[in-house]
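Throughout, residue positions are numbered sequentially from 1 according to the sequence presented. Keep in mind that this is a model prediction, so the values were computed, not measured.
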Amino acid sequence: MPHSKDITSLLQGLNDDDKKLIEKAYVFAEKAHEGQKRNSGEPYFNHVFETAKILAEFGMDAKTIVAGFLHDVLEDTPTPETELEKEFGKEIVTLVNGVTKLGKMKYTGAERHVESLRKFFMAMANDLRILIIKLADRLHNIRTLQYVKPEKQKRIALETIEIHARLADRIGMRKLKGELEDAAFPFLYPKEYEETEKILEANSKSNQKELDLVTNEIQKTLKEQGVNIIEISSRAKHKYSLWMKVKRYDMNIDRVYDIVALRVIVDDIENCYRVLGIIHGLFQPVPGRIKDYIATPKRN
């Protein structure tokens with residue numbers, strides 16, 4: 001039977017057994033959720049497919065991707081746990097049950113924030129994959145928050161920023177943290193979101209032009225110096241993070257130096273410091289703004 005969705009991206013780099021397991025989970029989940037609809041009116045299976053896809057993008061193993069497909073089967077369909085274990089094994093059922101338990105924890109406000117975090121961390125200590133599946137599930141849910149009733153949107157957005165984004169940050173998934181915050185931002189602070197959009201729009205063209213010039217000059221100089229560059233890439237600051245920083249500086253955008261940033265990746269620590277020295281020779285560093293996270297790592 002042909003798949004209704006392209007699963008090629010989920011199978012890249014996997015062996016034949018893992019591919020068969022993921023395809024089996026795809027078919028099982030699609031059949032289990034048959035007839036169910038999301039608030040948007042689309043098939044419920046789309047959600048579990050997108051969750052599995054996000055996990056594949058994270059580079060997770062096949063069993064975690066399978067659990068992504070199956071994460072709502074026990075809670076939202078009549079499928080018995082014994083059948084799921086028979087088809088996919090105890091390990092995957094444990095992951096699915098873990099995600100189901102996390103889904104029952106609701107953020108009820110600042111006074112219970114610490115308690116909620118502790119519960120999440122207890123689950124994380126049991127198997128980190130459970131937390132990562134839950135974060136992938138939340139990322140797709142927050143991306144489709146416009147289809148949720150307005151009275152629930154703000155609560156879900158706040159929960160996402162206060163709980164899920166902070167946990168993503170704590171386990172070192174900074175990109176995911178930014179995506180969760182940015183998706184929740186317009187629902188929690190719509191006015192501030194529009195202001196941040198305007199700031200980014202006003203600065204994007206000039207920033208990109210300068211970034212291209214700087215990137216070319218650094219690339220050329222490092223090549224001349226014989227530095228082995230693994231990767232040079234750039235990124236724009238996430239919207240929620242930018243707003244939080246501008247707010248700290250009394251809405252003065254000129255005090256924010258990292259609206260865009262350039263990342264140079266090399267093969268060892270010695271070359272990290274060497275590249276930093278070369279860059280300082282090209283561009284004068286801003287006094288007091290250099291942070292050495294090699295010598296003094298961040299907590300995450």
Side-chain angles (χ1 to χ4, degrees), residues 25 29 32-33 36 38-39 44-77 79-81 84-85 88-145 148 152-181 183-184 187-188 300:
H33 290 290
Q36 294 181 342
R38 298 263 286 168
N39 289 326
Y44 193 91
F45 175 73
N46 288 8
H47 167 65
V48 297
F49 175 84
E50 290 299 328
T51 301
K53 187 179 176 182
I54 289 167
L55 290 167
E57 290 168 357
F58 288 169
M60 299 305 295
D61 64 287
K63 287 183 178 179
T64 307
I65 295 170
V66 166
F69 270 118
L70 304 172
H71 77 273
D72 280 334
V73 163
L74 293 182
E75 185 175 20
D76 294 335
T77 79
T79 305
E81 187 175 317
L84 201 65
E85 185 171 338
F88 296 98
K90 190 171 183 179
E91 183 180 351
I92 288 171
V93 169
T94 300
L95 294 176
V96 172
N97 273 326
V99 176
T100 301
K101 288 175 184 176
L102 285 185
K104 292 176 180 177
M105 296 176 192
K106 302 298 181 185
Y107 179 63
T108 55
E111 67 275 7
R112 297 196 62 188
H113 183 205
V114 175
E115 181 188 345
S116 296
L117 278 174
R118 283 175 182 161
K119 288 178 179 177
F120 270 99
F121 277 117
M122 284 173 65
M124 183 181 74
N126 182 41
D127 192 325
L128 185 61
R129 292 176 297 174
I130 293 171
L131 176 59
I132 294 174
I133 296 165
K134 186 60 194 172
L135 291 176
D137 167 58
R138 175 52 62 111
L139 179 57
H140 183 251
N141 277 331
I142 202 72
R143 284 174 175 172
T144 55
L145 193 58
V148 174
K152 290 185 177 180
Q153 289 176 346
K154 192 167 184 176
R155 177 188 63 78
I156 294 170
L158 180 62
E159 180 181 84
T160 300
I161 287 175
E162 291 290 338
I163 302 290
H164 299 84
R166 291 191 185 188
L167 287 171
D169 185 40
R170 184 60 64 90
I171 61 174
M173 300 181 77
R174 295 278 297 176
K175 185 173 181 289
L176 174 59
K177 169 188 178 284
E179 289 178 355
L180 286 165
E181 289 176 338
F187 296 97
L188 195 56
N300 61 331

Salt bridge (charged side-chain N to carboxylate O under 4.0 Å, His left out) with [X]: which residues, sequence neighbours excluded?
X: Asp76; result: none
X: Lys63; result: Glu91
X: Glu179; result: Arg143, Lys175
X: Asp137; result: Lys134

*Which atom names give the shortest non-hydrogen contact between Ile130 and Gly98, and what distance separates them?*
CG2-C, 3.4 Å
*What is the minimum heavy-atom distance between Leu55 and Gly68, and which atoms define it?*
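Minimum heavy-atom separation between Leu55 and Gly68: CD1-CA, 3.7 Å.
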Distance from [X] atom [atom1] to [Y] atom [atom2], nearest 0.5 Å?
X: Leu74; Y: Glu81; atom1: CG; atom2: CD; value: 6.0 Å
X: Phe187; Y: Ile142; atom1: CZ; atom2: CD1; value: 7.0 Å
X: Thr77; Y: Glu75; atom1: OG1; atom2: CD; value: 10.0 Å
X: Arg155; Y: Thr160; atom1: CZ; atom2: OG1; value: 9.0 Å
X: Lys53; Y: Phe58; atom1: NZ; atom2: CZ; value: 13.0 Å
X: Leu84; Y: Ile92; atom1: CG; atom2: CD1; value: 8.0 Å

Residues forming a side chain to side chain donor-acceptor pair (under 3.5 Å) with [X], sequence neighbours excluded:
X: Glu57; value: none
X: Thr100; value: none
X: Thr144; value: Arg38
X: Thr51; value: none

_Test side chain to side chain contact (heavy atoms under 4.5 Å, CB included) on Leu167 and Met173; report intermediate values, then the result._
CA-CA 9 Å; Leu167 287 171; Met173 300 181 77; over 6 Å; no
Residues in side-chain contact (heavy atoms from CB on, under 4.5 Å) with [X], at least two apart?
X: Ala56; result: Leu10, Ile65
X: Ala165; result: Lys177, Leu180, Glu181
X: Lys154; result: Leu188

_pair Val73-Val96: side-chain heavy atoms closer than 4.5 Å_ = no
*How about Leu135 and Ile171: do any of their side-chain heavy atoms sit closer than 4.5 Å?*
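Yes. Closest side-chain heavy atoms under 4.5 Å.
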*What residues form a ring-ring contact (aromatic ring centres under 6.0 Å, His included) with His47, not counting sequence neighbours?*
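If we apply the ring-ring contact (aromatic ring centres under 6.0 Å, His included) test to His47, skipping adjacent residues, the hits are Tyr44, His71, His140.
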_By the definition side-chain contact (heavy atoms from CB on, under 4.5 Å), identify the one residue from Leu131, Ile133, Leu70, Ile132 that meets it with Val99._
Ile133
